[in-house]
Amino acid sequence: MSRALMIGAGGVASVVAHKCVENSAVFSELCIASRTLARCEALKEKLDGRGCQITTRQVDADDVEALVALIEDYKPEIVMNLALPYQDLTIMDACLRTKTHYLDTANYEPKDTAKFEYSWQWAYRQRFEEAGICAILGCGFDPGVTGVFSAYAQKHYFDKIREIDILDCNGGDHGYPFATNFNPEINIREVSANGRYYENGKFVETQPMEIKRQYNFAEVGEKDMYLLYHEELESLAKNINGIERIRFFMTFGESYLRHLNCLINVGMTSIEPIEFQGQQIVPLQFLKAVLPDPASLGPRTVGKTNIGCIFTGEKDGQQRHHYIYNICDHQECYRETGAQAVSYTTGVPAMIGASLLLQGLWCKPGVYNVEEFDPDPFMDALNRYGLPWREDSDPVLVP
Ligand code: NDP
């Protein structure tokens, strides 16, 4: 029986709220707080009367004082940041001031620099330890479940993992020539950045989309995928002993890439403010305003996602490979929660991480990435809460 506060009321937050209500034995009380109160109230209206006592509040999560006031008033045991990565540090500051546990799904990036890395949040480790509170970082699917899969493979299948390839395939079709499946600003900043992978103790940088491979994904089919930098590479390189190489690939359709290249070429993805009719505007934020809201893609998206990790390493002196992955159907997610599979695959793990923390299974003072906890209860919960995983001990490898 716990009281939780979630910040944000977009696509991912909506799934977390549905799943907290489903798990109301742990989440008996939930406060949905976000910038736009009407979105919190719309969510509450959908979920009221199902065993979890829901309240709503308006809050600007860039404002530490406002967050502290909200936390002191509501007195949650955990704050889940389901708003944007820009708010990670203000919410962590408010958690420190109020001695409240913290969880998020994406690592901090400053608004004015398209750069994400864990250093800013890892710098809180000692202060969280001293305050006796726990922060779980990056608890969505990727990052999140990909780290749990890695810890599970390490615990059960390998003496040493040498290589990890993370494959993120979205075979969904929303019918728009161009739209992003989660917050457009964060998504476009991620995919238009240089690629990077980890090899032999250092990161190797590539041009954006320079490395392309094809892979035949179960229940989706053959797709083009591109090497991207993704935040779990930084934590897995540190936390998986003896790792030699980690790569991250994401599939993109031709229409998406054609539109993205055009937008990059005309300057629409820039985060440098420009003067427009007497006002300062950031082109990428303006683009976000004209693109479809990811939360509105649910009813129109059909097809499946297939996300997982291929591991290569040794067990008992023998080389072995192992693939752990999940397949998720956009329409099934929509029927259950009103959101498409990208929000669903992020929101379910966030609820699971928070619930394990509240039950004391994943709770130690400090700041941690998911692979630093015991993966077993999390893997069980994935099966129970809608993201069953599959395994293949003889997968096709990525060249
Ligand atoms: P949305 O844009 O749909 O929702 C963001 C929500 O945060 C909105 O309700 C927005 O309010 C609210 N918000 C934004 N700024 C503030 C603020 N200053 N104060 C209070 N509330 C604020 O995003 P998504 O739901 O698609 O994504 C949420 C998060 O999930 C992102 O951080 C994203 O990076 C992460 N993510 C992680 C993945 C993973 O696998 N780990 C995969 C996909 C996403 P308003 O309604 O007013 O705009």
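Numbers here simply count residues along the sequence, with the first being 1. Atoms within a ligand are numbered from 1 in the order they appear, just like the ligands themselves.
- Summary of contacts: the protein heavy atom closest to atom 19 (N) of ligand 1 is A61 N, 2.8 Å.
- Selection from L84, N181, D62, T345 by nearest heavy atom to atom 5 (C) of ligand 1 gives L84.
- Looking at atom 35 (C) of ligand 1, its nearest protein heavy atom turns out to be T105 OG1, 3.2 Å.
- The closest donor-acceptor contact from the side chain of E234 to the backbone of E231 lies at 3.5 Å or more, if one exists at all.
- S150 OG to L236 CG: the interatomic distance, rounded to the nearest 0.5 Å, is 4.5 Å.
- Atoms of ligand 1 lying under 4.0 Å from any heavy atom of I186, numbered from 1 in the order shown and given with element: 34 (O).
- Any N or O atom pair closer than 3.5 Å counts here, and D60 shares at least one such pair with ligand 1.
- Among protein heavy atoms, atom 2 (O) of ligand 1 sits closest to N183 ND2, 2.8 Å.
- Nearest protein neighbour of atom 25 (O) of ligand 1, counting heavy atoms only, is V12 N, 2.9 Å.
- Annotation: the span from K304 atom NZ to C333 atom SG amounts to 11.0 Å, rounded to 0.5 Å.
- Taking only non-hydrogen atoms, the option from A106, G10, A9, A38 nearest to atom 34 (O) of ligand 1 is A106.
- Under the 3.5 Å distance criterion, the side-chain polar atoms of D159 are matched with a main-chain donor or acceptor of D316.
- Atom 28 (C) of ligand 1 has its closest protein heavy atom at A83 O, 3.2 Å.
- Taking every heavy atom of G11 and a limit of under 4.0 angstrom, the matching atoms of ligand 1 come to 3 (O), 25 (O).
- In this structure, S343 falls outside the shell of residues with a heavy atom less than 4.0 angstrom from ligand 1.
- Nearest protein heavy-atom neighbour of atom 33 (C) of ligand 1: F182 CD1, 4.0 Å.
- Within ligand 1, counting atoms from 1 as listed, the ones closer than 4.0 Å to a heavy atom of L82 are 28 (C).
- Remark: the Q121 side chain and the D104 side chain contain an N/O donor-acceptor pair separated by less than 3.5 Å.
- Scanning the protein heavy atoms around atom 46 (O) of ligand 1, the nearest turns out to be R39 NH1, 2.7 Å.
- Those atoms of ligand 1 that come under 4.0 Å of a heavy atom in V59, given as number and element, are 19 (N), 20 (C).
- In summary, the side chains of D392 and H321 do not present any donor paired with an acceptor at a separation below 3.5 Å, with no hydrogens or angles considered.
- Residue-to-ligand polar distances place P143 within reach of ligand 1: an N/O pair is separated by less than 3.5 Å.
- The shortest contact between atom 21 (N) of ligand 1 and any protein heavy atom is with R35 N, 3.2 Å.
- Side chain of K75 to backbone of E72: a donor-acceptor contact under 3.5 angstrom is found.
- For P294, no nitrogen or oxygen atom sits less than 3.5 Å from a nitrogen or oxygen atom of ligand 1, counting backbone and side chain alike.
- Taking OG of S2 as the reference point, atom NE2 of H101 lies at 9.5 Å (rounded to 0.5 Å).
- Here L387 contributes atom CG and I327 contributes atom CD1; the two are 12.0 Å apart, rounded to the nearest 0.5 Å.
- Residues E185 and Y86 have side chains that bring a donor and an acceptor to within less than 3.5 angstrom of each other.
- One side chain, Q126 or E130, offers a donor N or O that lies under 3.5 Å from an acceptor on the other.
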